[in-house]
Structure formats: structure tokens, C-alpha cells
Amino acid sequence: MGRSAAGRVGRTELSQTVHILDDPMPEYGEHESAGDPLQTLRHSAAHLLAAAVTELYPGAAYGIGPAVQDGFYYDFDFGKPISESDLPAIESRMRRLAQADIPFVHEVLPRATAIEEFRKRGQDYKLELIADKVEGDEVSVYRTGEFLDLCRGPHVRSTKDIKAFKLLRVAGAYWRGDEKKPQLTRIYGTAWPTQRELDDYLKFLEEAELRDHKKLGKDLKLFTVDDRVGPGLPLWLPDGATVRRELERFIVDEELARGYLHVRTPDVARLDLYRQSGHAQLYSEFMYPPMTFEDGEELELRPVNCPHHIVIYQTELRSYRDLPMRIAEIGNNWRYERSGTLAGLNRVRAFALNDAHIFCTPGQLMDEVKGAIELALYFSKVLGIDEFWYRLSVRDDVKEKWLGAEEQWEEAQAALADALESMGQTYERGLGEAAFYGPKIDFQVRDAHRREFTNSTVQVDFQLPQRFELEYVAEDGSRQRPVMVHRGAAGSMERLFSYLIERYAGAFPAWLHPTQVVVIPITDAQHEYAGKVAASLRASRLRVEVDDRPEKMQRKIREAHARKVPYMAIVGQREAEAQHVNIRDRANREVDHSLEAFVSMVAAEVAERRR
RNA sequence: GCCGCCGUAGCUCAAUUGGCAGAGCAGCUGUUUUGUAAACAGCAGGUUACGGGUUCGAUUCCUGUCGGCGGCUCCA
């Protein structure tokens, strides 16, 4: 399974370089080789797109056009932006060029010649790339008929090798990923070796729509978002709240068993607390304006939980014997995300983080980091997060973005890397992805559309202990500074829920499902027995409904099925007489059980949190 | 915040080139008591997101705002 993310190239050290150089290998690191035929095909399709565009829009300037997960894109400056309705014409021009069997010709030009070629064509973006990114006197270019591009290659032999492709959408994209630079028009497309694979991919996109958590959240009545409350402020409906409650119970119980201390702290604090933590200075763009009162009081909705937990740490003088101290809370965080970034439950303005802050001695750091990773692994296993990978998020060299001394960052980054390596885990590096106070290990997952998100995270922090002057008394009686580990083992409840909805397409495992059993009496005559069945299930703390509406059994089955209820217990006269239930599950298997056996079967499944 | 697209009943969608806003499902009221994925009939449901404009006439054209989707930037 490849590990790169669609449209997210240019975010790691390796791809940063190749991205700018228009390399056909925008993957994250080692997983794919530069000669990978699919990448080559897609990169060539990007050239074909640019060739078609420059024919149809003679004044258009082209930026960069790499292959990405599942396809390719190319960025253009059209003068005035085009829209999706322009894509069919571009696509048919691409097909015409493909049929014309135009070879991809590699040339190495002297720098001056290359500059002259691109100047002649009015391609200022390419001139900028040559000036900034190409060293030495040789410039590698590819020619496709009239179209010339700065490019290292490789490419397919001829345009006719590009057989199965489709343009998908247009989007704005800042030149070289900088929002202060001009915004270009990006055209996304997909390309595959065969029509069959293209069709499969388009089918996949359709199926992803059906799994989308926003659609299922509405259909299954899990959550809603309403203008009157506000964008990015989801409301958990009763069934969604039930799933969340089960998740929280599971998470909290497991953490308690692992030595975490669960606390409760308020959603606001004095603004000074965030001045001390540094958030007011370095994180203010995400913080709500403070609530200010006549007497000068300034209260701030908290963007993070750490300062509150630090205050709890400081309620007593701590001894080395108290450490490690693991303070946990599913705490609400408030972050004013820019309107354009909000997305279903994945990006919201108020969310509940499965958070904890571990205060430990430097000597305990490694074990605590490993413990946090192990906990995240355990949660992943139980919850069914089968596909994820690690990103070691480190700082870049933009000094203003980070707090603290170089050596501490090095130490923290080494600690995280060592922890992963000692556990035999491989990881990719995310340059500039660190938190402002320290590096982190992010657990990356994909949604139904294969978009990448951070779910859990483990972060090492030397800065906040310093800023808050944290201490513990060491064995020798001296005062020492603890290290902090921030970790969100199961991520935020919102993002986790969104992931699970898509992971299971709404068919949650029985332990999580809002309704574990629907009892369906065939006629009114079985209502009493149906009530007894429900009572037996409830006595084992199972969530059960009796569908005693005056509807046909077939309709009740259909509706329970649409709700993806794990078990339907159908009871007619035969079942009532035998004290049995006829069970139909989500796979439409039918089996007869005694009531007693069925109750213990489901109770066991739920207790074990079986998938 | 930026670029593109979109916004019609609770949901899914119709409504010729601008000419009386419709259907299915859901809801409500009746009838139906049923053996494994939709019983039947009736009723009700709308300031076409909101505001301005063009027009004899706007769901349709223009424009502003709000919201959603896909990207960019940013991120749990």
C-alpha cells in the first residue's frame, strides 16, 4: 500500500525538493522509485494537459504539474480563471494530441538557451524556477511537439501511450504553495494504464461518496450542523452521542487501567495563562477573541488543554516518586479555523480531544513515549484503524515559528525517533509539521476519499515546563525540571467519529452501534413476548428497540437494515411459544436461538468489543 | 481567507428558450395483523438560503450576503 497523500505533496523534506523541480515522483520518500511507470504515465499526462491548454489558451502560463496519488495536476495562469465547464474542451484536445502520437523528447540545454526558450514563450514561472531551483549550466527540458517544459523526466515515449485519463476538477492553488503569491488555476486529472483501471477508479470515487461521513451522519441521524448554531459547530444527535459515549467509556477505562489520572477542567481560563504558555503569541490566529469584562478581566476559550493540566500538576510540590504523572481529560478545545478549511467533522471549531499530559523525568521520557505509542496502537487495533502510518513531525528553519533552544529540539526529535525505531516502526519525516513547542509523532490515517488526516499524536515538550517553571524534588533533594509529553491517543472525538463512520460505512461493530438489536414482532399478538425479549437484552445492558409499529415485518426488516443495526430479533408465534428468537444479522444470515443463548451471545460480543 | 462549483418541501430530485413550483420517500389520519429488504387510501407540506437589481413577469438573468462541497493555505 502506497503511503503518499493525494494533493499533499511538498510537505516533507524529500518531496519538497522534487515537487519544485517538477519531478515525476512526488511520493513521500522511499516507497516508490523515480522510474515507477504509473508515476511516469501520470506525469506525462500532466504534460499532455499543459500542451492542450497552451494550444487552446495561447496566453496561458504554466507553473508546475506533478503526478500525485491517483492522478496528476497542472497549475496555470489563464489571466482570467476558467471553470469546470471548460474541462471537456481541454480534455478532447488532449485526446486529439494523444492520438497524434507526438514523442516526448528529452533535451539538455545550456542555461542561457533554456532561459531564452522560456522567455520567448512568455513563461515567467519557468524562468523563476530556473533562477531559483536549477543549479549549474545544464537545464533538463522535455519537448512534446510545440510544448516545452522544464522537467527532469522520465516520460512515456509518446503521447499515444497515455490512453486512459480524465480531467476531474479545477481549484485555486497558490504559486509555490505561498498564499502571498499569486493564485493559479489548478486542473486535476486522473490517468491509468488501461480504461478498465480508470473505470475502477471512477467507481471508487462514487463509492467513496456513499461512505462519506457527512452523508451517513445525516442518513443515520448521527450529527447535524446548523447555520443558527454556526459552521464548524456540530451537534451530536442521540445516536451519534451514544457512539461517542461508548468510545469515551472505552478510552477512559483503558487509560485509567494504564495509570492515567482523569481530571475535569473548565473550557476557559484567563488570557494571561495563554500569555505564559506562549499560545497568545504563537497561536493567536486560531484563538477566539478574549471575553473582556468591565473590571478588566479577560477570559479566553481554550485552544488546548495543556495549561490547565500544568496548573493541576502545580497544585502540590511533586516528588520524583510521583513521576511519571499522567494527567488525562477528554477536554473541549476551541479553535477559530478559517472558514474555507472547515470540513464535516474533520475540521471543526470546537472539538473534544482525548488528551493527556505526562510529566516525567528525562530518564523516563523514552518509556513514556513508547507507552503512548503502544496505547495509540491498542486503540487503533480495537477500533479497527487498520491502515495508518507514522509521521515524525519536526521543525523547519523558520525560526520565528518555534520556541526553545536548538539542543532541546534535537534531543526531543531524537527521543521520538529512537522510540519508534526501538519499536521496529518505520516513519516518514514531516518538515515544518512540529508543534511550536516541540516535535511530534503523528499517526496518519486516510478517509474514504484517501485524504490524509492526523489522528493520534505524541509530542515531546521541554518548553512549557520551562515557561511554567515546573519542578519536582529529586532523590538528592534538589529541584529538577520535568519533561512533558502531550499525547492524544485516540485523537479528537469528532475526527475519530468521522473516521469510524467511513471505516465501517455506518455499520459499527455491535459494541459501538447506537442500536444493537431491533426486536420485530410479526403481529400484535407477539408484542408481549417482544417486550420480554427486549427486557432480557436490557438486563444485560444492551441497547435494544422494539419495532411495534403497525407495519409489515418486511418493512421493519428493510428499515433496520438501512440503519445497519447488527441484529434483528424476529419473533412470531413459533418463537414466542418456544421462547426463541429468529435472528437476522447485517449479512442477512438467519439463525434460530433460544432467547437465553442469544442474550449471552450478544453480551459477550459487546463485552469483548468484537469487530 | 483565496479559487471553482453548488443552494427548490424533513430527505432524494423535477420544472422547455424567463410564463400559475411538481414527484417519490418521510410526516399526519384512516384501513390492513402480516413469516424475513417498501400494504392501501386520503391529507398536509414552499417567501425556490437571504437581500437588492433587470423584466409586464425571475426557481431561471445580474449583484451582494450567508451556508455547503472540492481544492489552496492551515491543521486534532
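Note that the coordinates shown come from a computational prediction; the quantities given were computed from them, not determined experimentally. Sequence lines set the chain letters: A, B, ... in the order given, protein chains first and strands last, and positions in each chain run from 1.
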Does the side chain of [X] get closer than 4.0 angstrom to OP1 or OP2 of [N] through an N or O atom?
X: A/K214; N: B/rG70; value: yes
X: A/R335; N: B/rC74; value: no
X: A/Y188; N: B/rC72; value: yes
X: A/S339; N: B/rG1; value: yes
X: A/R169; N: B/rC69; value: no
X: A/K440; N: B/rA76; value: yes
X: A/R228; N: B/rG67; value: no
X: A/R186; N: B/rC3; value: no

Which part of the nucleic acid, if any, lies within contact of [X], taking any heavy atom under 4.0 Å across all strands shown: a base, the sugar-phosphate backbone alone, or nothing?
X: A/N582; result: base
X: A/N588; result: base
X: A/E494; result: nothing
X: A/E337; result: base
X: A/K556; result: nothing
X: A/D227; result: sugar-phosphate
X: A/E575; result: base
X: A/T341; result: base
X: A/F453; result: nothing
X: A/G344; result: sugar-phosphate
X: A/G340; result: base
X: A/A171; result: base
X: A/I82; result: sugar-phosphate
X: A/R495; result: base

Taking the side chain as C-beta and beyond, is there a heavy-atom pair between A/E452 and A/W389 under 4.5 Å? yes
For A/N305, which of A/D355, A/D267, A/N332 qualifies under side chain to side chain donor-acceptor pair (under 3.5 Å)? A/D355
If the threshold is 4.0 Å, N to carboxylate O, is there a salt bridge linking [X] and [Y]?
X: A/R391; Y: A/E433; answer: yes
X: A/R487; Y: A/E255; answer: yes
X: A/D447; Y: A/R211; answer: no

Length of the CD-C1' vector between A/E559 and B/rC11, whole Å: 14 Å
Given B/rU36, B/rA76, B/rG1, the nucleotide with the shortest approach to the side chain of A/E590: B/rU36
Taking only the side-chain heavy atoms of A/R555 (C-beta and beyond), determine which of B/rG1, B/rA26, B/rU34 contains the nearest atom. B/rA26
If you round to the nearest 0.5 Å, how far is NE2 of A/H513 from NZ of A/K564? 8.5 Å
Please give the distance between the C1' atoms of B/rC20 and B/rG57 as a whole number of Å. 11 Å
